[in-house]
Amino acid sequence: VHVRAPDPLHGLRVVAKPNAIDSMSLPAGATMLRIATDDAIVTDAATLTVDDPFAIIEPEYTFVHWRLTPEELTGVTHHIEWPLPDAGELGQGLVAGVPAKIMIKPDHALLIVSAGLAHELMERLW
Amino acid sequence: MRMAVDDQPIEFSDGDSVAVAIVRAGQHPQHGGTLCLAGDCGNCSAEIDGIAFTRTCLTPARPGLRVVRHPLVGAPALRLDAPVDPVASPNHSTTELRRSRADLVVIGAGRSGTAAADAARAEGRGVTVLAGELGDDVVGVYPGPVVIVRQSGGEMLHVHAHDVVIATGAAELHPVCDGNMMRGIYTAGAAERLRSAGVDLGVVATIELDRLQRIEGDDTTGRVTGVVAADGTTTACDSVVVSSRTKAPRDLLARMVADPHVRTVGPAAEAFELPPCPTSGMVCPCSKVTVDDMQLVWDKGFRHIELVKRASLCGTGTCQGSACMPHLRAFVTAMSGQPAAPFTGRPASRQLTISEAAADMHLDPFRRTALHDVHIALGARMDRFGGWWRPWNYGNALDEYWAVREGVSLGDVSTLGKMIVTGPDVVEALERIYPTTIRDIRPGRSRYVLLLNERGHLIDDGMVCREATDDGSDRFVLTFTSGGASFAEAWIRDWIESWNLDVHILDRTLALSAINVTGPLAGELLRRVGLADPPRFLQHVHTDIAGIPCHVLRLSFTGEASFELHHPRTNSVELWNALMDAGGDLGVKPHGLQALFALRLEKGHVIVGMDTEMDSTPRRLDMDWAVKLDKPSFIGRTALLRTEGLDDHRRLFGMTMQGPAPTEGAPIWVGDEIVGHVTSSFHSPGLGQTVMLGWQKHTPFADTVTIDGRPAHVTPTPFYDAAGARARA
């Protein structure tokens, strides 16, 4: 596996009522990572409109990510005890003991981790 | 071909296991005992290439192999490759681990295992067969089920299966009688293996287990010389081969797990006839437990097989009862008159190295702040605190101390917990969570708060900052200690959910970094980087500093004017460098935790978890001022009201003394009685004496105590700048 530095995950963090997040329209090219019913990261979005007057919308600086090939994902799965998510869904849990998230797309997967723990995950995986 | 046994060369033949080679050389892998050569018992285990308790019967001989027999008494020495440095030591095992998923795992490739696999395949199921002859040493089965495998290549494999079939067959019985620890005793299967390998066993006497009375031998050489049958007939021989009509189920894996998705088939699941109750000899060769030992345990009142096992250690050795279980069951059955079921099995079924057992297990991950590499470049000694790597010092903690007291200094406080809370019920929620008043905090102001549990004990502390919002809605930023942030977040979420209040919560701890600019020249430094109108004490503002959006909190943990700059993690290095560049002529330096702990101690500020204990109430900490019992409700209020009028027998005091600082944790004496201990200590160059915090847990509380044989005096805190003028400057 080619060990490489992760890329920042740019986007907005949204905490709002679940139905407000459900009905949120995303900008073109944006992807929503639903962390919890009331909490989501919307990548590649500069602005968002949410139907909740108390919604918290903040730029997200927490995470970095790797874009993995299917072969690289196979290597990562040896460090995961939980079932991988379905395509397009977000899976969350420990990867080699580090809290992380995985989203599987048609031709690649996103491995997402808090920037402060990226060094740990790199050391443990690669 | 040769290998070394106890540093002596022995020859071996192609295809020999280490055990076979040792027997071929006229020796024994240990110091005696029955050999089964089937991997069931621990009687052939030895240290191989530095790994203790390796079964030599399952290890192929190869040139240059180094075998060291275990000592007759005691355990083999524990080898450490290198001195352990707790800071720099690796945080994980070097053994590789693979995980896989399977529909059905069949453990064992014998007759019953093959039948189970074939039947499953015929039903269209995916079958994974794991067997020793295939290079898979199954060492554990856990609920799930999960099968733990040590593979011949040195890797560990964890298979998450839908169903598991255990088909491990049955094992030959070992004899238990006088002389059963001699050399030259074999099960029938072992004898067959040795003969097939061309090993000369000399004159062989074969005897049925239930006809065996004792084995005779030469005490000098430890070798068998004859066997005595139950009818008293003695047969002289060089080797004794013990056969048995029945075999014991090889069910150790099955006994590890109770899971409806795990079933055992074939001989491993079959009942069998117990051997006669042993009357003498070694029952458990692994733990060296004799029949007399078991009788002693029984006579002391341990009557259940699990208790006999624990009290005698029978069955707790390398093979976990594979050799001794039938005899232990026979003993307990005979003594109690009730059938004794097998005792519980526990992973691992084979001795594993720590590295193998810990494969893909790691220490809890420790986070790095965005400034980690900056600290390293500045020569910081990093250490783990509260789940983070943090700079302890940059080479000279006293220089860092003086930089804060006399000039200006930067501290990386990115680790502090930070949380945004909003919502129609947010004020109500915070009023219930915190013991101080929240609703009268004005926008742009902040207040120090305690976080109490239901018992009124302190679990964390921090600040509550009320934001100025365009629409006048309620929005707050809460801060927490570095080590307590995760728990505090979960705690607050749980309570708000329990109360069914409408509040939104966003944890910003990992998104935002924070730099504390502190010292009498802090305001000047910040003016140089664009903060024209610094907030006053306990105010906070959002503004750009050096072009970076910052939330500036004016407070003080060090006792000097301090500004916490909360900012995007991605801009942290840029902001740090801008501050260092702008403050070059002011002598700006970074400070680490060592200096910070000293600075806050001079102010008498407690660190939760360091100065506090599990049952520290505000009163015990002399922090009643932070509790408003006249509020209608907050977590811990009931407990505090109930104990308010009671005497208390423990209190945290400030203390001073002359001479060097005692070790933190040092006992506090009154007369010849220990009344408490020191929680924090520092010899202050600024105050010219040692300052401390410490507990007295006996009443009446003393004004003068003895620490390290020297008098120490209870002294009001803060020790430094009691009026707080410098923090407000």
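Quick note on labels: first sequence line is chain A, next is B, and so on, each numbered from 1.
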Legend entry - A/Asp51 atom CG, over 12 foreign heavy atoms within 6.0 Å: no
Inset, instruction - Can you establish whether the number of heavy atoms outside B/Asp470 located under 6.0 Å from its atom CG is more than 12? - result: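 No, the 6.0 Å shell around CG holds no more than 12 heavy atoms from other groups.
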Among [options], which has the most heavy-atom pairs under 4.5 Å with chain B?
options                            : answer
A/Ala96, A/Pro99, A/Gly97          : A/Ala96
A/Val98, A/Val15, A/Asp39, A/Thr77 : A/Val15
A/Val14, A/Asp38, A/Leu117         : A/Leu117

For [X], is it the side chain, the backbone, both, or neither that has a heavy atom closer than 4.5 Å to a heavy atom of chain A?
X        : value
B/Asp502 : side chain
B/His160 : side chain
B/Ile505 : backbone

Legend entry - Check ion pair A/Glu72-A/Arg4 (N to O, under 4.0 angstrom): yes
Inset, instruction - Salt-bridge test for A/Arg124 and A/Glu120: reply yes if a basic N is under 4.0 Å from a carboxylate O, no otherwise. - result: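 Looking at A/Arg124 and A/Glu120, the cut-off is met.
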Inset, instruction - Under the salt bridge (charged side-chain N to carboxylate O under 4.0 Å, His left out) rule, what do A/Asp22 and A/Lys17 come out as? Steps first, then yes or no, please. - result: CA-CA 9 Å; A/Asp22 291 341; A/Lys17 291 183 181 300; over 6 Å; no
Legend entry - Heavy-atom contact with chain B under 4.5 Å, split by part of A/Leu121: neither
Legend entry - Which atoms of A/Ala118 approach chain B - backbone, side chain, both or neither, heavy atom under 4.5 Å: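 Contact with chain B involves no heavy atom of A/Ala118 at all.
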Pick whichever of [options] has the most heavy-atom pairs under 4.5 Å with chain A.
options                               : value
B/Ser100, B/Ser473, B/Pro424          : B/Pro424
B/Thr422, B/Asp474, B/Asp360, B/Leu97 : B/Asp360
B/His504, B/Arg101, B/Arg367          : B/His504

Legend entry - Ring centre gap for B/Trp576 and B/His375 strictly below 6.0 Å: yes
Inset, instruction - Flag this pair as yes if the NZ/CZ of B/Arg384 is under 6.0 angstrom from the six-membered ring centre of B/Phe366 and inside a 45 degree cone about the axis; otherwise no. - result: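 Judged by the rule, B/Arg384 and B/Phe366 form a cation-pi pair.
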Inset, instruction - Over 60° means perpendicular and under 30° means parallel, so classify the ring planes of B/His566 and B/His551, tilted if in between. - result: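 Perpendicular, since the angle between the ring planes exceeds 60°.
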